[in-house]
Amino acid sequence: MREVRIKDTLSGETIALDGTEEIGIYACGPTVYSRIHIGNARPFVVFSLLARFLKAEGYRAKLAINVTDINDKIYTAAAERGISSGELAEEMTAAYFEDTGRLGLGRPDAEPLATGTIGPIVDLIETLVEDGHAYESGGDVYFSVRGFDGYGKLSHRPTEEMEQGEGDDAGSLKRDPLDFALWKTHKEGEDTSWDSPWGPGRPGWHIECSAMAEAELGQPFTIHGGGSDLVFPHHENEIAQSEAARGKPLARIWMHNGMIETDAEKMSKSEGNIFQLHEAIDTYGPEAVVAYLISGHYRQPLAFGDAPLTEAVARIDRLRNFLRDNPAGLEPGPEAAAAAGRFRDALADDFNTPRAMSEAFDLVRSANQSPDDPALAGAGTALAGMLDLVGLGSLAEAGEGGPDPEALDLLEARNAARADRDWGRADEIRDRLAELGWEVRDGAEGARLVPRG
RNA sequence: GGCGCCUUGGCGGAGUGGCUACGCAGCGGCCUGCAAAGCCGUUUACACCGGUUCGACUCCGGUAGGCGCCUCCA
């Protein structure tokens, strides 16, 4: 078990995980008012892979990624489409499961819904009201920010001049502009509501995460994550609620991924469509999307566009080519095993996926240079293991079946033509195979067919 | 205005006080009947100005530029 260290937004320190305790990870998932985009996929990928790596290292890890299915935006989007908000939320939740499922990373250990956590949410709010950290006002309940010492410690900003609220919030009901809603009374036009001690209504934006995280992982748990745009106010408010209610920290480490950066001009023209996760997967394939998302360090912003995705396709092609020639199976020699060790070392060091991938490519080049070096034997085995850790294990899979009889016949015919030195005929057949989806690769041991990318 | 981040070779993107990151693309070669795959070479980068140091791309200060958040956002 390696010592895994993660940079903590709250303290600014890099903190080592405790291998003796369960590593509870809570990552803020999407609000389901539309299909998710690449930006939503980044935390899903980062935290899924982190949990996978921790488990591979022998940690007991539990990953929870929630679905926020109660929100102003859902009401708005549903109204625009003329369907009920529940219908829209269900549809988009299903789409989220489908789209992220296609990434091939499996599911988180828990995926709670806000609508499935109303009881704990109401209980948590009640506790806050009883303890004087929150107050009822006209059917709404607000958290009293100034009553919580330490507000602003995560986002490192002074409480002066802060104001917050969801859209056209009934700000006049607040005692202080800093306060934020825990519970919102039912309003005309909203087609869902739940009973509460303060009358029918629905949870405010931040409280559902506090409740779901505690329900799934207890409090405190180890890592709370999400996009860096959530630092303020979302995570700041989660800290305030949970710590005010329980008198102990919510999470030990706050881990935030950088934004996917889009060029507004390009987005409106050529690249707007592929920003949707499902469109990106359709266009570039799931492995390329994952490879793209891990191409930069998780904390840094990552440029989005056709070019970086196309590059990701080229990268995974190189890996796949290598694995075709060097299938997993052989026991890794010392150099191959060392590369795998360095790969894991990089991941253990604040989950440095680009550095890890550089080790993978280093191994590929070394093994291509010296295919007979016993120290590099089993490089394919080592590489497959490395890639599996970052969700690219499918690159090592042979694919369904081999060439069909028609393709094999054509290959035979081409071999015959080449034996006759009839290059025109041989190239004709190669073109024909290309039309059928096969690429011919001539090697020392004869010609081979590989599927065309 | 407040808080924070960033500026690396054609592009993307790591990293370190003194040693080739890595990938993609281009060009030149090797291999090949020609390709593909692979290999080699290649223009040897660290915004600018000072400072610390035997030595800085890597530390400190400043300048310029870019970005994120600061009522919604992964």
Side-chain angles (χ1 to χ4, degrees), chain A residues 9 12 27-31 33-34 36-47 65 68 71-73 76 152 154-158 160-169 171 177 180 205 225-234 236 256-261 277 291-292 294-297 299-303 305 307-322 324-325 342 346 349 352-371 417-418 421-424 426-427 430-431 434 439-444 447-448 450 452-453:
Chain A
T9 306
C28 286
T31 298
Y33 61 93
S34 66
I36 68 161
H37 55 247
I38 289 270
N40 298 297
R42 171 121 98 149
F44 182 89
V45 168
V46 166
F47 292 101
I65 300 182
T68 293
N71 184 279
D72 276 356
K73 285 187 170 181
T76 307
L154 179 69
S155 52
H156 307 109
R157 65 186 75 208
E160 313 311 317
E161 296 175 33
M162 284 200 290
E163 230 175 286
Q164 56 186 314
E166 234 183 299
D168 56 348
D169 224 13
F180 57 90
W205 174 34
S228 61
D229 55 338
L230 296 181
V231 171
F232 185 90
H234 186 55
E236 195 72 71
H256 292 101
N257 63 271
M259 299 291 97
I260 301 290
E261 291 188 338
L277 177 60
Y292 159 70
I294 65 170
S295 68
H297 184 97
R299 211 165 343 89
Q300 298 306 135
L302 189 63
L309 268 309
T310 301
E311 240 191 65
V313 171
R315 267 199 307 278
I316 62 171
D317 280 346
R318 178 166 167 79
L319 298 169
R320 194 187 273 120
N321 278 333
F322 181 81
R324 271 205 262 265
D325 291 334
R342 288 192 298 270
D349 183 10
N352 194 325
T353 51
R355 210 174 86 207
M357 289 307 288
S358 80
E359 294 295 343
F361 283 106
D362 256 344
L363 175 63
V364 167
R365 180 166 32 73
S366 299
N368 277 329
Q369 284 170 329
S370 316
R418 293 187 75 217
R421 306 185 70 78
D422 182 353
W423 311 127
D427 291 350
R430 183 165 61 197
D431 291 344
E439 185 176 302
V440 180
R441 288 189 187 161
D442 295 319
R448 246 178 351 133
V450 300
R452 299 178 79 209

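Numbers restart at 1 for each chain; the letters A, B, ... are given by sequence-line order, proteins then strands.
- Contacts of A:Gly443 with the nucleic acid, taken as non-hydrogen atoms under 4.0 Å apart, are absent.
- Here the P atom of nucleotide B:U71 and the CG atom of A:Asn71 are 17 Å apart, to the nearest Å.
- Contact record, A:Cys28 with A:Leu230: CB-CD1, 3.6 Å, taken as the closest heavy-atom pair.
- Nucleic acid contact for A:Val440: base, since at least one base atom lies under 4.0 Å from a heavy atom of the residue.
- A salt bridge links A:Arg315 and A:Glu311; the closest N-O separation between the charged side-chain nitrogens and carboxylate oxygens is under 4.0 Å.
- In terms of heavy atoms, A:Ala426 sits closest to A:Ala417 at N-CB, 4.0 Å.
- Nucleotides B:U58 and B:C46 are separated by 10 Å at their C1' atoms, to the nearest Å.
- Note that CG of A:Asn352 and CE of A:Met357 are 12.0 Å apart. Values are rounded to the nearest 0.5 Å.
- For the P atom pair drawn from B:C54 and B:G62, the interatomic distance equals 24 Å after rounding to whole Å.
- Contact of A:Asp325 with B:G38 (side chain to base): no donor-acceptor pair of N or O atoms is detected under 3.5 Å.
- Side-chain contact check for A:Trp205 versus A:Asn71: some heavy-atom pair is nearer than 4.5 Å.
- When side chains are defined from C-beta on, A:Phe322 counts as touching A:Asn368, because their heavy atoms get closer than 4.5 Å.
- B:A14 and B:U8 are spaced 10 Å apart, taking the C1' atom of each and rounding to whole Å.
- To the nearest 0.5 Å, atoms CZ (A:Arg365) and CZ (A:Arg318) are separated by 7.5 Å.
- Backbone-only contact: A:Gly226 has heavy atoms under 4.0 Å from sugar-phosphate atoms and none from a base.
- The nearest whole Å value for the distance from the CD1 atom in A:Ile316 to the P atom in B:C24 is 12 Å.
- Residue side chain A:Glu311 does not reach the base of B:G12 through any donor-acceptor N/O pair under 3.5 Å, judged by distance alone.
- Going from the P atom of B:C31 to that of B:A36 covers 15 Å, rounded to whole Å.
- As rounded to the nearest Å, B:G51 and B:G15 have P atoms that lie 29 Å from one another.
- Within the 4.0 angstrom heavy-atom criterion, no nucleotide atom of any strand lies near A:Ile38.
- Atom CZ of A:Arg299 is separated from atom C1' of B:C69 by 16 Å (rounded to the nearest Å).
- Between A:Arg318 and B:G38 there is a side-chain polar atom (N or O) within less than 4.0 angstrom of OP1 or OP2.
- When the nucleotides B:A74, B:C24, B:G12 are ranked by their closest atom to the side chain of A:Asn40, B:A74 comes out on top.
- Residue-level contact check: A:Asn321 touches the backbone only, with heavy atoms under 4.0 Å from sugar-phosphate atoms and none from bases.
- Put simply, CG on A:Leu309 is 15 Å from P on B:A25, counting in whole angstrom units.
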- Task: Let me have a per-nucleotide readout for nucleotides 15-22 of chain B, 5' to 3', with B, S or -, counting only protein heavy atoms under 4.0 Å.
- Result: S-----BS
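- Here, B:G9 and B:U20 have their C1' atoms 13 Å apart, quoted to the whole Å.
- Side-chain contact between A:Ile260 and A:Tyr292: present, with at least one pair of heavy atoms (C-beta onward) separated by less than 4.5 Å.
- If you check every strand for non-hydrogen atoms under 4.0 Å, A:Ala303 touches sugar and phosphate atoms only.
- Taken to the nearest 0.5 Å, the OG1 atom of A:Thr353 stands 7.5 Å off from the NE2 atom of A:His297.
- Taking 3.5 Å as the limit, the base of B:A35 and the side chain of A:Arg430 contain a donor-acceptor pair of atoms between them.
- When distances run from any side-chain atom of A:Arg441 to the nucleotides B:A36, B:A74, B:C34, the shortest one goes to B:A36.
- Between the NE2 atom of A:His256 and the C1' atom of B:C73 there is a distance of 13 Å, given to the nearest Å.
- Taking 4.0 angstrom as the limit, A:Trp205 places none of its side-chain polar atoms (N or O) nearer than this to OP1 or OP2 of B:U71.
- One can place CG of A:Leu302 at 17 Å from P of B:C67, the figure rounded to the nearest angstrom.
- As rounded to whole Å, 18 Å separates atom P of B:G23 from atom CZ of A:Arg320.
- Residues A:Leu363 and A:Arg342 are not in side-chain contact: their nearest non-hydrogen atoms beyond the backbone lie 4.5 Å or more apart.
- To the nearest 0.5 Å, atoms OG1 (A:Thr9) and NE2 (A:His156) are separated by 8.0 Å.
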- Item | Stepwise salt bridge (charged side-chain N to carboxylate O under 4.0 Å, His left out) check, A:Asp442 with A:Arg418 | CA-CA 11 Å; A:Asp442 295 319; A:Arg418 293 187 75 217; 3.4 Å; yes
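- Of the candidates B:G38, B:C70, B:C6, the closest approach to any side-chain atom of A:Phe232 belongs to B:C70.
- With the nearest nucleotide of RNA chain B identified for both A:Gln300 and A:Thr310, A:Gln300 has the one nearer the 5' end.
- Of the P atoms belonging to B:C57 and B:C49, the separation is 12 Å, rounded to the nearest Å.
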Give each protein N/O atom lying under 3.5 Å from an N/O atom of nucleotides 2-4 of chain B, with the pair distance.
unit_1 : atom_1 : unit_2   : atom_2 : d
B:G2   : N2     : A:Arg157 : NH1    : 3.3
B:C3   : O2'    : A:Ser155 : O      : 3.4
B:C3   : O2'    : A:His156 : O      : 3.0

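- Comparing A:Ser295 and A:Ala41 by the nucleotide of RNA chain B that holds the closest heavy atom to each, the one mapping nearer the 5' end is A:Ser295.
- Residue A:Asp442 places a side-chain atom within donor-acceptor reach of the base of B:A35, judged by atom type and a 3.5 Å distance cut-off alone.
- With P as the reference atom, B:U43 and B:A21 are 13 Å apart, rounded to whole Å.
- With 3.5 Å as the limit, one finds a donor-acceptor pair spanning the side chains of A:Asn321 and A:Arg441.
- Distance check, rounded to the nearest 0.5 Å: CG of A:Asp317 to CZ of A:Arg324 gives 8.0 Å.
- Using a 4.5 Å cut-off on side-chain heavy atoms (C-beta onward), A:Arg355 and A:Asp349 make contact.
- The strand RNA chain B forms stems, runs of 3 or more Watson-Crick or G-U wobble pairs with distances below 3.5 Å, at B:1-7 with B:64-70, B:10-12 with B:22-24, B:26-30 with B:38-42, B:47-51 with B:59-63.
- Rounding to whole angstrom units, CG of residue A:Asp431 and C1' of B:C34 are separated by 11 Å.
- In terms of phosphate contacts, A:Asn368 brings a side-chain nitrogen or oxygen within less than 4.0 Å of OP1 or OP2 of B:C39.
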